[in-house]
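A quick write-up on the structure given underneath.
The basis for the numbers below is simple: all heavy atoms, side chains too, and nothing from hydrogens, waters or symmetry mates. Numbers here simply count residues along the sequence, with the first being 1.
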Amino acid sequence: MAEVTDDLPNNKAGSTLENGTEPDSSGIDPLSSGTDGEEELIATILASSPGGARASSTGSTTALMGSLKLEDDTDTKDLFITVDDPQKHTFKVDAYVTYRVFTRTTRGNYDNSEYSVRRRYQDFLWLRQKLAESQPTHLVPPLPEKHSMRMDRFSSEFLQTRQKALNQFLERIAEHPVLSFNESFKVFLTAKELTAHRKQGSGIISRVGSSLKTTSSTYLLKNRDPEFTIMHEYIQTFGDKLGSVERISGRVLQEETDYAADLDTYGPVFRLWANSEVELSDDLINIADAVEGCAKATKNSVETQDSTCIPTLKEYILYAEAVKDVLKRRDYFQLEHELAADELSRKKNEREQIKISDQAYSFGAFIGKDPVDVKEEKSTRVESQIEKLQRQVEYLSDKTECANADLKADMDRWHKHKRKDVKQVLVDIAEQQTKKYEQSLAAWESVITSLRNGRGDDSTLELSNLVPGVLSQPESDVVFETNSASKSTSAEADDALDMGSDDLDIEAELERELEQIE
């Protein structure tokens, strides 16, 4: 049941705009840089849409102006952020890592053009919480997971992966037409210390309570727009499919890691074998080289996928959860509007009942009041409540419209980034697999070439097996004996041919003598 209150939102200092943004401390919206003619054009477009008269609020108009300007003029980027130089800080009871955040900007609301501050993971977490609280209808990029199951959190590989993910997080915020102008984001980039700012954040109890309200709204909502129902089903399927891909990829990488470790122990076996097989030594060493080449190619493939592909998959799995959170908050805004609309409808019915009732049996009449006065008091009270509810319903309708517009715009932007990033991941996987198998194929082809080129020595090897001690003789002696054997074999063949010709002559003479006798 919606509560009827006199504290309707306004745009004064300390309040929140209808699109969820906090007004700038200077009183000027940083996104309202367009001309009056441009704002009137945007307002006209919004007014022509369903509910446009309510959606043409100042906050939504200026946000849309900033979105159009920053998305159309992609070459006019004015905020550049780099995260680098991870440093470990060790204390008696604690240890953590800080990163340098270097910022260059040409924006007028920054006092300097360059800033360099150091931030730890908790500071990034604070920034994301502040953005989600102040911009509940916008999609805030996710942060990387705090711990890794595969790597030590102080290893160089983990720090490099974490640094890249944090840099991506800040770049996505800087590219956002609304989030990049948030005051908490500016504080994060410019303040030397965040301790005082972090103490001003909301407590865990309020965050848990807000989470419970938004979660329950998903189940209490009556008439969700089909567009957002489809969006919810898509993001649920997307998260599930991507989670399966990430889990299977992790198992494949682990199997390839174990395979590379087995190859590391497989190659030395052939080298040891070569020491005891003089005639096969070169071939066995070539086999060992090929095995080691395959092990190196497999390791490189695992390292590349672990540092480029897997983090992107994990980021979009977390992105799916972030989208679900924004959808829940949007549903909560719509639920508030529905409850207020239901309460307004109930009050209007109550007003009609009062009109047709004489109030003779009301509580006021029972305690001695004039039924006419009781009826008038009730009518006045109900009319006042209806007026308040009407203003509240209009405000909540505007709030829901802005939430819908913000979410649609962010989802369009997210889909563009997703297509680009997922395609790049697939290309990286295909290229790395191709490179791995090409290196392995080249290693084994060199072995085959070496073995085929060594077949000319087969006669010597066979002769060494027949003639004891041949391997201990000089090469010239072996060649001499081979040539001698060849000459003797040739002479014996000539004698056999001569004997065969003599037998043919004798048979011919016998045949002639038999013919003469006949």
Heavy-atom nearest pair, Ala191 first then Leu194, reads CB-CD2, 4.2 Å
What I want to check is whether the side chains of Gln254 and Asp258 have a donor and an acceptor closer together than 3.5 Å.
yes
Salt bridge or not for Glu343 and Arg346, using N-O below 4.0 Å?
yes
I'd like to know if the side chain of Asp85 pairs up with that of Tyr99 as donor and acceptor (distance under 3.5 Å, no hydrogens or angles considered).
no
Looking at Tyr234 versus His415, is the centre-to-centre ring distance below 6.0 Å?
yes
Will you find, in the side chains of Gln353 and Asn349, an N or O donor that is under 3.5 Å from an N or O acceptor?
no
With distance as the sole criterion, is a donor-acceptor pair present between the side chains of Gln129 and Glu133 under 3.5 Å?
no
Run the side-chain contact (heavy atoms from CB on, under 4.5 Å) test against Val252 and tell me which residues pass, sequence neighbours left out.
Ile248, Glu256
Looking at Glu350 and Lys347, does any basic side-chain N land under 4.0 Å from a carboxylate oxygen?
yes
Would you find a donor on one side and an acceptor on the other, under 3.5 Å apart, between the side chain of Lys314 and the backbone of Cys309?
no
Before accepting this row, confirm whether a basic side-chain N of the pair Asp410/Arg413 lies closer than 4.0 Å to the acidic partner's carboxylate O.
yes
Any sub-3.5 Å donor-acceptor pair from Arg330's side-chain atoms to Ala403's backbone N or O?
no
Sub-4.5 Å side-chain heavy-atom contact between Thr105 and Phe80
no
